[in-house]
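Data block below; observations after.
Just so we're on the same page: letters track the sequence lines, and every chain starts at 1.
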2 protein chains.
Amino acid sequence: MQENFDLKELTELLDTMQLRLLKEKLIEMNEVDIAAFIEELDSEKTVVVYRMLPKELASDVFACLPVEKQEHIINSITDYELSAIVNDLFVDDAVDMLEELPANVVKRVLKNSTPDTRKLINQFLKYPEGSAGSIMTAEYVGLKKRMTVEEAFAYIRRHGVDKETIYTCYVMDAKRTLEGVVTVKDLLMHPYEEVIGSIMDTHVIKAVTTDDQEEVAESFRKYDLLSLPVVDHENRLVGIVTVDDVVDVMEQEATEDFEKMAAMLPSEKPYLKTGVFALAKNRLAWLLILMVSSMITGSILAKYEAAFAVIPLLVTFIPMLTDTGGNAGSQSSTMIIRGMAVGEIEARDILRVLWKELRVGVIVGVLLGLVNYVQLVVRFPGQEMLCLTVVLSLLATVMLAKTIGCVLPIVAQVLHLDPAIMAAPLITTIVDAVSLIIYFQLACSLLKI
Amino acid sequence: MQENFDLKELTELLDTMQLRLLKEKLIEMNEVDIAAFIEELDSEKTVVVYRMLPKELASDVFACLPVEKQEHIINSITDYELSAIVNDLFVDDAVDMLEELPANVVKRVLKNSTPDTRKLINQFLKYPEGSAGSIMTAEYVGLKKRMTVEEAFAYIRRHGVDKETIYTCYVMDAKRTLEGVVTVKDLLMHPYEEVIGSIMDTHVIKAVTTDDQEEVAESFRKYDLLSLPVVDHENRLVGIVTVDDVVDVMEQEATEDFEKMAAMLPSEKPYLKTGVFALAKNRLAWLLILMVSSMITGSILAKYEAAFAVIPLLVTFIPMLTDTGGNAGSQSSTMIIRGMAVGEIEARDILRVLWKELRVGVIVGVLLGLVNYVQLVVRFPGQEMLCLTVVLSLLATVMLAKTIGCVLPIVAQVLHLDPAIMAAPLITTIVDAVSLIIYFQLACSLLKI
């Protein structure tokens, strides 16, 4: 994929104050790229370049900027300019911004929006984070059942410019109850005199404002949607979710799962924009918990001091056993956690999953055991019982790790805990402790210590 | 989100052979849901229900079925019926299916497609897996520059039914060179007599057939696209990628990264549909590699047998040190690998990342060390040097783990290796070895063993 603009050229035009030429270049560009260019500028130049943009484009670019730049621009422009931007933003973008701005800036923004916009923004600010309501927007095309295709087109031509998507239109009655959907494709494929009521699809896939955003993403994935209507608990249409926001939700949810599974609290911002203290804070909680748990594992070892005082060689197999157990366990838990995240595995599949993992555990455990046995016999000839102890411990560890690895995430799910955070980081610690106990118990009885 | 159909009711209608009523229910349903219903049926009933569907709907449902069901249906219907399905499928769906069917079935499918379809399918089958070419489809609306808006609408009305998306139209010259794009929204917002050439956008965001599908997904995310044109190396339009396929790509890429980072080869099919032997095979390779590496770690321990023969207590701190190191390292590597996957972090950021991780390492290491020191002093009063050895080792381990954790994925990327597979599983093993050496070296010198 080629770069879509020449950053160096633009910077040079700005530095040499060839502003007319710069403006010509800018208005040919995509809003995302203009925002990327502005992001790199210092605060003074930011406002110079921003003011250069035509009004329409300016709001689009504004919506793509990070919140610090938005705040800076808000603080540098007049109330009149601000009012134009705020009333032009899609409600979801405005809400995202307001949630992060300091209170005094929020106040000024709301003061400069029209009463209608203000009311809408205030309503949207109330939906809980991560709900369908929090990611929806209010700009959709609403039609009536008795309109003809021709009237619908006329309506879209008149009102469609400011809508986030015009391609799916929503049919409502006077009380805003959702009655059906009709796509622009349907409109194009039917004669002008046809009535909307007779071509609309009444089996609408929809979400309720309080639904979880992950369920919304799941619907988009399953039904290949471009947009999804969101209704309140009385089935009244309150907004729509568009596919571009769902793409962001999916990416964000996956990133959060990666972070949780690596024992971190999810971060609010991208890595390079997160401060050192925030990063440290996100990582410290689980590191502490896991450090304390591994001290408990350590104290298990202390119990068997006698054993490795007699045969110090026993200690050298500990990393192999605990690492292999940890890896085997996190393989299983990762598969199950991801399967549940994308909606493939459900709690009721627990027995199928367990039976599968047990068999995988036997195959993998026996093969790893065989490889290990061969090298042990070569390295320690004559010490059959020692070799047997290590190999049997390995087999038991792998099988137990697979079992715990698949059961733990499902149990977490049933208890309404997050499997990614409750199962993934704990697996290693639990498997470590269990495998050491098995190992030293076997050693004590087989080697008669 | 509510269920969109009543599986029990449908099954009952089928079991009691109330086929007319069943058909009435089915034709009201979404193709995805019908496919979900058919998926649960045995082979005999599959064909009964499938034949019940009207021709148009039948092809849509067919595209949503898993390949085993598709194969079963293909083998149970006449050449005439098969021909109708194949020519009705979108090329990308047909290609996905053909790539998994056995050769004799592929032959029969191609025999029953029109020469045009066959040519297209053969062309598409040649694009490498994971390329833009492999996920694109050939069904798009192509317009000419000199058409008016009115003519464009007439063209879409005539030819648009079978196109995967009609909402973005592509403007080409006689040689199929891509000249611009125009959306149906643009068409609706301009008067009928306007010429396409004057309203089309000539700054087209596009991909080349050989581009990686991850780059394609990145463009969709960045520019909030609904579709993206794909050109060959002479800038001739050959197909388009639609957002629904990109959503699948994103999910699949994230799942693969989860699997790789948990030391598995990525699986072809969803978990519940993957056989036990395939699962075992995917997991065994890395378990073996990591088992052997941890034996090496074990042999490091063997070198210090003398040390823990003198002070057996030293052994009990091993799990705490290696676990904390492993966790600290995988926190960093996960952040970096994910950041690179979503395009936020690039190789040239290495110094910024390193400086960040070093500072995080100091903060986290010092705090964990303090907590540890307090409990050590309480548990082992009078053994200051032992406490110091453990705490200093912990600090060094955490800092090294953070450093290795952030550098390794970037180095893998620079060497054109996959960071997810090359860095994530290896981190623990490397950190284990390094932390044990530091620990016992410190112990030997501080405790004078």
With the side chain counted from C-beta on, respond yes when [X] and [Y] share a heavy-atom pair under 4.5 Å apart, and no when they do not.
| X | Y | value |
| --- | --- | --- |
| A/Val247 | B/Met250 | yes |
| A/Asn30 | B/His203 | no |
| B/Val292 | A/Met320 | no |
| A/Phe153 | B/Leu188 | yes |

| request: Could you tell me whether a side-chain N or O of A/Glu344 sits under 3.5 Å from a main-chain N or O of B/Leu272, the two making a donor and an acceptor? | output: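 A pair under 3.5 Å: yes.
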| Hey, does the side chain of B/Tyr167 reach the backbone of A/Lys185 with a donor-acceptor pair shorter than 3.5 angstrom? |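 Answer holds: yes.
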Quick one: what part of [X] sits under 4.5 Å from any heavy atom of chain A, side chain, backbone, both or neither?
| X | result |
| --- | --- |
| B/Gln375 | side chain |
| B/Thr274 | backbone |
| B/Lys281 | neither |
| B/Asp245 | neither |
| B/Asp432 | side chain |
| B/Leu313 | both |
| B/Val243 | side chain |
| B/Ile300 | neither |
| B/Val353 | both |
| B/Leu288 | both |
| B/Leu187 | backbone |
| B/Asp201 | neither |
| B/Thr324 | both |
| B/Lys260 | neither |

Over all atoms of both residues, closest heavy-atom pair of [X] and [Y]:
| X | Y | answer |
| --- | --- | --- |
| B/Ser330 | A/Ala262 | O-CB, 3.9 Å |
| A/Arg283 | B/Glu357 | NH1-OE1, 2.8 Å |
| B/Ile363 | A/Ala280 | CG2-CB, 3.9 Å |
| A/Ser294 | B/Asp323 | CB-OD2, 3.5 Å |
| A/Leu368 | B/Met291 | O-CE, 3.6 Å |
| A/Leu287 | B/Ala328 | CD2-N, 3.7 Å |

Quick check for you: to the nearest 0.5 Å, what is the distance between [X] atom [atom1] and [Y] atom [atom2]?
| X | Y | atom1 | atom2 | result |
| --- | --- | --- | --- | --- |
| B/Asp244 | A/Tyr223 | CG | OH | 15.0 Å |
| B/Thr255 | A/Met335 | OG1 | CE | 9.0 Å |
| A/Thr322 | B/Ile318 | OG1 | CD1 | 9.5 Å |
| A/Met189 | B/Arg157 | CE | CZ | 7.5 Å |

| request: Over 60° means perpendicular and under 30° means parallel, so classify the ring planes of B/Phe258 and A/Phe258, tilted if in between. | output: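 Judged by the thresholds at 30° and 60°, the geometry between A/Phe258 and B/Phe258 is parallel.
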Which portion of [X] sits near chain B, non-hydrogen atoms under 4.5 angstrom:
| X | answer |
| --- | --- |
| A/Leu394 | side chain |
| A/Thr165 | neither |
| A/Ile166 | side chain |

| Just one of B/Arg352, B/Lys356, B/Met340 clears the side chain to side chain contact (heavy atoms under 4.5 Å, CB included) bar with A/Tyr271, so which one? |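 The side chain to side chain contact (heavy atoms under 4.5 Å, CB included) with A/Tyr271 is passed solely by B/Lys356 among B/Arg352, B/Lys356, B/Met340.
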| message | Taking B/Glu256 first and then A/Arg338, would you say they form a salt bridge - that is, a charged N and a carboxylate O separated by under 4.0 Å? | response |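 Looking at B/Glu256 and A/Arg338, the cut-off is not met.
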